[in-house]
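Single-structure report; data block below.
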Amino acid sequence: MPELPEAETIVRGLRPAILGRTIRATEVIHADVLRQPRRRFADRVRGRTVLGVERRGKNVIIRLDEDRVVAVNLGMTGRLLPSLDDGPAPPDSSHPAVRFRFQGGGALVFDDTRRFGTVECLTGGEWHLRSEWMGPEPLGPSFTAEGLHASLAASRSPIRSWLLDQRKVAGVGNIYANEALHLAGIHPEQQARTVDRKGAQALHRGIRRVLQAAIDAGGTTLRDYRTAEGEPGRYAPRLLVYGRDGEPCGRCGSEVRRIVFGGRSAFFCPGCQPLD
DNA sequence: AGTGTATCCTGCAGGC
DNA sequence: TGCCTGCAGGATACAC
């Protein structure tokens, strides 16, 4: 599910709800979402206070005092739902996996139907290493068209597969990879190294445009994704190719096609995105 | 190096 | 209604 825009929307909604709160205890309902032993997780989190809520790629980062960091990867169906005693009624949590209980009442629930998501509590140093391993933030200053072009030149992968690799660019998933390629007029199977400077510029622009527009719309809800307030995102109707196979392309009228490679569906318009 | 496949899990839509 | 298959915003490990 959640890609960068969904994670960003969750972070923004979570921040005012949990900033400054102190975690009294954790309740692990499904230990398989933990990337570390349950004991270590509980011990590291207990008694810590939330100093900040950030995003890195598709991950939600909760900074705690004492140099602790809770890193949440939402997987396909993960949600972070705050329920504060003095706040509005808590959104539905149908599949709670981990619950953080705050001093003075209220909680933050990591809910995940399929449990592909992960939760862990790291030290600042451990998290830094993990973050270094990831590619640049596509909406940040270190992501440039020139850098993208140079990075693409080193890979023989199909461009869509390349975009899904978090070590290359952080936060792009299958929906926005397909949308960005459509905006850039690049076929999803085109070899990364054959994307020329002009193509890299168009792709750079396409990635930024679609991610920013999706953030502005509060993300894309296909089924499970919800904001921290429990609301669905509003970007789905604006998707140009993802999930639209058989429909006419809004730009040129050609029929949008679906193909499968790399184990995932790819959607593209044969008219706007020719394969050389 | 890159690709296909399988794995983790649940739920839903569509065909019969 | 029930049963089956295929599919899903992710990530990783494995054999070629």
Side-chain angles (χ1 to χ4, degrees), chain A residues 1-11 29-36 55-60 71-80 92-98 110-120 130-131 133-135 138 151-181 188-194 207 210-211 213-215 217-227 231-246 258-267:
Chain A
M1 137 317 199
E3 305 181 28
L4 185 153
E6 291 74 34
E8 178 65 27
T9 303
I10 288 169
V11 162
I29 298 105
H30 286 291
D32 51 0
V33 303
L34 293 182
R35 276 187 72 167
Q36 64 197 157
R55 178 192 59 73
R56 174 77 171 104
K58 305 171 185 177
N59 301 280
V60 175
V72 178
N73 185 299
L74 299 151
M76 293 280 245
T77 55
R79 308 175 182 187
L80 280 169
D92 288 344
S93 170
S94 54
H95 295 76
V98 177
F110 175 66
D111 184 279
D112 189 359
T113 305
R114 292 176 70 182
R115 302 203 300 281
F116 287 177
T118 56
V119 177
E120 61 193 318
R130 188 78 61 81
S131 181
W133 178 86
M134 284 187 260
S151 190
L152 289 170
S155 171
R156 306 173 110 89
S157 290
I159 183 67
R160 198 284 311 261
S161 305
W162 190 93
L163 286 171
L164 295 184
D165 186 342
Q166 301 300 295
R167 291 170 297 188
K168 305 298 195 300
V169 185
V172 178
N174 205 26
I175 293 181
Y176 301 113
N178 281 284
E179 294 298 299
L181 287 168
E189 284 182 295
Q190 185 175 334
Q191 226 183 21
R193 64 192 306 200
T194 69
I207 291 170
V210 70
L211 293 179
I215 290 173
T220 299
T221 294
L222 299 179
R223 176 172 292 146
D224 303 283
Y225 162 71
R226 289 297 180 286
T227 69
E231 302 288 332
R234 303 178 308 277
Y235 196 76
R238 298 177 51 191
L239 295 173
L240 301 172
V241 288
Y242 186 87
R244 296 206 183 278
D245 48 317
R258 169 181 177 266
I259 56 177
V260 177
F261 64 91
R264 326 275 309 260
S265 291
F267 302 88

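All chains are named by letter (A, B, ...) in the order of the sequence lines, taking the proteins before the strands, and each is independently numbered beginning at 1.
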Over how many whole Å does the gap from [X] atom [atom1] to [N] atom [atom2] extend?
X        : N      : atom1 : atom2 : value
A/Leu222 : B/dG11 : CG    : P     : 18 Å
A/Asn59  : C/dG10 : CG    : P     : 12 Å
A/His30  : B/dT10 : NE2   : C1'   : 10 Å
A/Leu4   : C/dG9  : CG    : C1'   : 12 Å
A/Arg79  : B/dG11 : CZ    : P     : 12 Å
A/Arg264 : C/dC7  : CZ    : C1'   : 12 Å
A/Arg258 : C/dG6  : CZ    : P     : 12 Å
A/Asn178 : C/dA8  : CG    : C1'   : 14 Å

Do [X] and [Y] have side chains that approach each other closer than 4.5 Å (heavy atoms only, starting at C-beta)?
X        : Y        : value
A/Lys168 : A/Leu163 : no
A/Ile175 : A/Tyr235 : no
A/Glu6   : A/Leu74  : no
A/Phe267 : A/Leu239 : no
A/His95  : A/Asp112 : no
A/Glu179 : A/Arg238 : no
A/Phe261 : A/Pro158 : yes
A/Arg160 : A/Arg264 : yes

Listed nucleotide nearest any side-chain atom of [X], set [options]:
X        : options               : value
A/Arg115 : B/dT10, C/dG9, C/dA8  : B/dT10
A/Gln166 : B/dT10, B/dC8, C/dA11 : C/dA11
A/Trp133 : B/dC9, B/dA13, C/dT12 : C/dT12

Tell me whether [X] contacts the main-chain N or O of [Y] through its side chain, where contact means a donor paired with an acceptor under 3.5 Å.
X        : Y        : result
A/Gln166 : A/Gly171 : yes
A/Asn174 : A/Ser265 : yes
A/Arg56  : A/Ser131 : yes
A/Glu3   : A/Tyr176 : yes

Task: B/dG11: syn or anti, per glycosidic angle within 90° of 0 - done: anti
Think [X] has a side-chain N or O under 4.0 angstrom from the OP1 or OP2 of [N]?
X        : N      : result
A/Arg223 : B/dG11 : no
A/Lys58  : C/dG9  : no
A/His95  : B/dG11 : yes

Any base atoms under 4.0 Å from [X], or only sugar-phosphate, or nothing? Heavy atoms, all strands.
X        : answer
A/Asn73  : sugar-phosphate
A/Tyr242 : sugar-phosphate
A/Thr118 : nothing

Expressed in whole Å, how much space separates the [atom1] atoms belonging to [N] and [M]?
N      : M     : atom1 : value
C/dC3  : B/dC9 : P     : 23 Å
C/dG10 : B/dA1 : C1'   : 22 Å
B/dT7  : C/dT5 : P     : 16 Å
C/dG6  : B/dT5 : P     : 14 Å

Open item on the list: Side chains of A/Asp224 and A/Thr77: any donor to acceptor distance under 3.5 Å?
Closed with: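 Short answer, no.
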Could you list the protein-to-nucleotides 13-16 of chain C atom pairs, N/O on both sides, closer than 3.5 Å?
none

- [ ] Determine, for nucleotides 2-7 of chain B in 5'-to-3' order, which nucleotides have protein heavy atoms under 4.0 Å from the base (write B), from only the sugar-phosphate (write S), or from neither (write -).
- [x] SSS---
Open item on the list: Let's test your reading of the model: under 3.5 Å, does the base of C/dA8 pair with the side chain of A/Arg114 as donor and acceptor?
Closed with: yes
Task: Runs of at least three Watson-Crick or G-U pairs with DNA chain C, cut-off 3.5 Å - done: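 Stem list for DNA chain C: B:2-8 with C:10-16, B:10-16 with C:2-8.
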